[in-house]
Amino acid sequence: MLLFQGQQFVILPNSEGSYLGYLTRLIEKNGGHLISSVEDETGSGLATIDSSTIVLLNSSFVDENFNLIQENFLLRELRPFNISLWNFIKENNLKCIDIKDISIFIKNKKFDLNLVQLVNIEGHSVFKLNDGVTTVQTIKSEGTNNSSDEKILESKSESESESESESESESESESESESESESESESESESESESESESETDIEIDVNRKTKGNNDRIVNPLAKLARKYKVEGDTFRARSYNLAILSIDKYTLPITSGIQAQKEIPNIGPSIAKKIQRILDTGTLPGLEQASEQFDSLQYFSTCHGVGSETAKRWNSLKLDSFKDVLEKFPNEFAVEWPILFGWSYYEDWQKKIPRSVCAKYLQIVEDELFLLDPDFKVELQGSFNRGLPECGDLDLLFYKPGCDDLNVLCRTIEEIAIRLYKKSFVKCFLQLTEQIEKVFGNQVRERLAKIRLTENKPKKFNLAPRIKKALLGVQLQEPISIEPHNEIVELKDNDKFMSLSNEDTSKYDYCRRMDFFICKWSELGSSRIHFTGSSEYNRWMRLKAIEKGMKMTQHGLFKDDRLLESFNEKKIFELLDIEYVEPQLRNQVNKRQKK
DNA sequence: GGGCAGCGCAC
DNA sequence: GTGCGC
DNA sequence: GCCC
């Protein structure tokens, strides 16, 4: 008797892919029947589906709590007739599981739904239209077809249902995890601020993860180490830990020994294996607590925009413990690096996550202004927004103009837009200066310098860039925000609060947000979109692929021997790299080297 | 033991 | 070249 | 830190 004999499955969404192909072959080899949902315009999938059919969901649409996420993206990938399929699934309450759980059945040589966790698809309704929020989403189809560069407005609002922080309760279904459900709470008291804003962390990790699965107690100390190495500037080591964590997260079986982990999980080598064993034995790692004072100091400083690990280490070794302290003893630190003053001023606001629905409002304001300046210009939200994350760390805007490769035009346009928006009080601060920007914003910098009494002896002469290819800004929406449950942030010390411009009263304005303007030549649209959409880890992976093929990939294109192969057509770049094209929302996951 | 993405901007 | 950020 |  074959494993899946007599069992019917349907895979959603219906995209092809090598991994998917592998799984389908696996299922069929084991006697399972797959309803074809791909390329099936006849609706026969709907005809053959029945209430015992198991729905296999792509892992990207399942969160750690086994809830369906990003249903709107799922729907977008379904063809029209498959929407009815989806509705059938919901109406008849078909059992849904994460597709990767297929491997659990194979491993256990048993098809038993009790081995896995069913995915909850409740709470999502097809085409729900709540609170009238419309989300602007850019369609990224590429090629010579210019009309595909238009934006469309979707009237689907985001599935906001992933409310954070209260769902601690699903772990008991993990069959053996109850016993440690309290022991982990002591090991990890602080929740981290930076989760998926790739501007802050190299790798996007949700440190506030809610699952308290078996492997979580292992992950938390490792995450601490990753953060420790990150603030110390050891980025490669920090990245290694983060990759290990992501691999552990993907590993669905319980980890019972360090050796096992090293053998079966990629990105775990001898050192981490040893630490895992230590955690399993003692529940923690030695040295995590002692190091924490230095860690706190480094983290405190480097959370500020413009302060990196080197500066943080220097200040820490000088026994400075607050920005005010730095100011009193080494005032020059701020006079030279004036952008740090704004990092200090917006220290708290800039750590707060931006909900998707709010992102669209920010885009709208820039879009409106851009249209007045030059209706042919385009602007798109890139970054984590484009990857469909429910909240973003900052806003990445890519500007371009069809047919225009003139850097001067492009540079001048973002500068002009930023200045106009500054005059409208939308832009709150610039983090670089040009001659034009200095005219409107210079006084504001001087005001900040005066605030720390640094203007008397030096009538500051700023360095002015001739032009800017990117603009780093602080922006603020002139409207109140809805209650925003934000992650815990690092708070400014009382000593340092006098500089703060962070928003205390959200009844009138949103928080100040970080917004970045980037430009790209029309001929480089595809490679720029890949670059700015990220994630940074995805970029790394792709660029490694390029290296393997003797090519080089940058935001300006794909090159071989310094000859441009492709830069305009996004899909062509994937093709040339032998990578299957994936939509932006699937570029959150890390593609990594596999352990053989 | 070398590589780990590659670039822009300020200094 | 270094530091920082994207 | 890990991978080759």
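Labels below follow one simple rule: chain letters A, B, ... track the order of the sequence lines, proteins then strands, and each chain is numbered from 1.
Cation-pi geometry between A:K521 and A:Y400 is not met at under 6.0 angstrom from the ring centre and within 45 degrees of the axis. Seen from the ring of A:F518, A:K470 does not count as a face-on cation partner, given the 6.0 Å and 45° thresholds.
Stacking between A:F236 and B:dC4 is shown: the ring centroid lies under 5.5 Å from the centre of the six-membered base ring, and the planes differ by under 30°.
Here A:D516 lies in heavy-atom contact (under 4.0 Å) with sugar-phosphate atoms only. Heavy atoms of A:M542 sit nowhere under 4.0 angstrom from any nucleic acid atom. Within 4.0 Å of A:I547, counting heavy atoms only, lie sugar-phosphate atoms of the nucleic acid but no base atom. At a threshold of 4.0 angstrom between heavy atoms, the contacts of A:A226 with the nucleic acid are absent. As judged by a 4.0 angstrom heavy-atom cut-off over every strand, A:C411 is placed among residues making no nucleic acid contact. Among the atoms of the strands shown, none is found under 4.0 Å from any heavy atom of A:R314. At the heavy-atom level, A:P339 lies nowhere under 4.0 Å from the strands shown. Here A:K470 lies in heavy-atom contact (under 4.0 Å) with a base.
Of the candidates B:dA10, B:dC11, D:dG1, the closest approach to any side-chain atom of A:Q432 belongs to B:dA10. Closest contact between the side chain of A:P270 and the listed nucleotides D:dG1, B:dC11, D:dC2 involves D:dC2. Minimum atom distance to the side chain of A:Q555 is reached by B:dC7, of the listed B:dC9, D:dG1, B:dC7. The listed nucleotides are B:dA5, B:dA10, B:dC9; the one nearest the side chain of A:A465 is B:dA10. Which of B:dC11, C:dC4, C:dC6 sits closest to the side chain of A:E310 comes down to C:dC4. Listed nucleotides B:dC9, D:dG1, C:dC4 differ in distance to A:S309; the shortest reach to its side chain belongs to C:dC4. Residue A:V336 places its side chain closer to B:dC11 than to any other of B:dA10, B:dG6, B:dC11.
Per the geometry, CZ belonging to A:R239 stands 11 Å off C1' belonging to D:dG1, to the nearest Å. Atom P of nucleotide B:dC11 and atom CZ of A:F334 are separated by 16 Å, given to the nearest angstrom. As rounded to whole Å, 14 Å separates atom C1' of D:dC3 from atom NZ of A:K545. Rounded to whole angstrom, the span from the CD atom of A:E337 across to the P atom of B:dA10 amounts to 11 Å. Residue A:L577 contributes atom CG, which lies 13 Å from atom C1' of B:dA5 at whole-angstrom precision. If you measure from atom CG of A:L472 to atom P of B:dG8, you get 14 Å, rounded to the nearest angstrom. Taking atom CG of A:D234 as the reference point, atom C1' of B:dG3 lies 14 Å away to the nearest angstrom. Between A:L298 atom CG and C:dG3 atom P the separation is 15 Å, expressed in whole Å.
Projected onto DNA chain B by closest heavy-atom contact, A:H556 and A:R543 fall at different nucleotides, the more 5' of which corresponds to A:R543.
Under the 3.5 Å distance criterion, the side-chain polar atoms of A:S297 are left unmatched by any main-chain donor or acceptor of A:N316. Counting only distance, with no hydrogens or angles, the side chain of A:R587 and the backbone of A:V582 share a donor-acceptor pair below 3.5 Å. Within the 3.5 Å criterion, the main-chain N or O of A:Q585 finds a donor-acceptor partner in the side chain of A:N588.
For A:N267 and D:dG1, the shortest distance from a side-chain N or O to OP1 or OP2 is not below 4.0 Å. A:T311 has a side-chain polar atom (N or O) that falls below the 4.0 Å cut-off from OP1 or OP2 of C:dC4. Distances shown here put a side-chain N or O of A:K552 below 4.0 Å from the OP1 or OP2 atom of B:dC7. For the OP1/OP2 pair of D:dG1 and a distance below 4.0 Å, the side-chain nitrogens and oxygens of A:K275 include at least one atom meeting the criterion.
Between the P atoms of C:dC6 and B:dC4, the separation comes to 23 Å (whole Å). Annotation: B:dG8 and D:dG1 have their P atoms spaced 34 Å apart (nearest Å). Using P as the reference atom, B:dG1 and C:dG3 are 25 Å apart when rounded to the nearest Å.
Other residues, nucleotides and ligands contribute over 12 non-hydrogen atoms within 6.0 Å of the CD atom of A:Q444.
With salt bridges taken as basic N to acidic carboxylate O contacts below 4.0 Å, none links A:E415 and A:R412.
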